[in-house]
Amino acid sequence: MRTTVDLLQIGDKAKITAVDLDKIPLKLLEMGCFPDNDLEIIQIAPLGDPIYLNVNNGSHLAIRKEIAREIEVEIHSK
């Protein structure tokens, strides 16, 4: 099932399938937030922003919800 990072829940694991290079900061790409890498949602702030995630079992990132909408993922089966 394909979706975007902002729609995932805590504990969800997914594979990045696409990113909008015009809307994603270069720093996120440098930290591994690009297609074919895995991610896991670690925590979501009480109001839903920011979202804390682990990319490729090593890079821990906190991203804003507006950026999370630009990262398309395929959820791993639970």
Side-chain angles (χ1 to χ4, degrees):
M1 178 176 151
R2 289 186 185 227
T3 188
T4 55
V5 172
D6 66 306
L7 299 174
L8 299 178
Q9 301 298 317
I10 294 172
D12 284 349
K13 295 180 181 182
K15 179 177 287 243
I16 301 171
T17 57
V19 295
D20 187 334
L21 297 176
D22 294 327
K23 296 181 181 177
I24 299 293
L26 179 60
K27 188 67 175 174
L28 289 182
L29 296 172
E30 291 172 349
M31 302 276 301
C33 201
F34 51 85
D36 292 329
N37 280 350
D38 294 319
L39 63 81
E40 178 181 4
I41 304 299
I42 303 298
Q43 188 173 6
I44 300 172
L47 297 176
D49 194 9
I51 300 168
Y52 183 55
L53 48 101
N54 181 359
V55 178
N56 258 4
N57 294 318
S59 295
H60 291 254
L61 308 172
I63 61 173
R64 300 203 48 119
K65 198 170 192 172
E66 65 188 57
I67 297 298
R69 284 187 192 108
E70 305 302 328
I71 303 171
E72 187 175 309
V73 296
E74 183 174 321
I75 299 173
H76 293 302
S77 56
K78 295 183 179 184

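- Annotation for Val19 and Pro35: closest pair CG2-CD, 4.1 Å, computed over non-hydrogen atoms.
- Cluster annotation: Val55 is connected to Leu28 through the hydrophobic network of ILVMFWY side chains, with a link wherever side-chain heavy atoms come within less than 4.5 Å.
- Linking ILVMFWY side-chain heavy atoms closer than 4.5 Å, directly or via other members, places Leu21 and Ile16 in a single hydrophobic cluster.
- In terms of heavy-atom proximity, Arg69 sits nearest to Thr4 at O-CG2, 3.4 Å.
- The NE2 atom of His60 sits 12.0 Å away from the CD atom of Gln43 when rounded to the nearest 0.5 Å.
- Taking CG of Leu8 as the reference point, atom CG of Leu39 lies at 6.5 Å (rounded to 0.5 Å).
- Of all heavy-atom pairs spanning Phe34 and Leu29, the tightest one is CD2-O, 3.4 Å.
- Here the CE atom belonging to Met31 is positioned 10.0 Å from the CG atom belonging to Leu53, to the nearest 0.5 angstrom.
- Put simply, Leu26 and Leu61 are part of the same group of oily side chains (I, L, V, M, F, W, Y) that touch within less than 4.5 Å, one to the next.
- Checked against Ile67 for a side chain to side chain contact (heavy atoms under 4.5 Å, CB included), the options Asp49, Ile51, Ile24 give a single hit: Ile24.
- The distance from atom CD1 of Ile41 to atom CG of Asp12, rounded to the nearest 0.5 Å, is 7.0 Å.
- Ion pairing between a basic and an acidic side chain is recognised when a charged N comes within 4.0 Å of a carboxylate O; Lys65 and Asp6 show no such pairing.
- Between the Asn56 side chain and the Asp38 main chain, a donor and an acceptor come within less than 3.5 Å of each other.
- Taking OG1 of Thr17 as the reference point, atom CD1 of Ile75 lies at 10.5 Å (rounded to 0.5 Å).
- The 12-atom threshold is exceeded at NZ of Lys15, counting heavy atoms of other residues, nucleotides or ligands nearer than 6.0 Å.
- Between Cys33 and Ile71, the shortest heavy-atom distance links the atoms SG-CD1, 3.5 Å.
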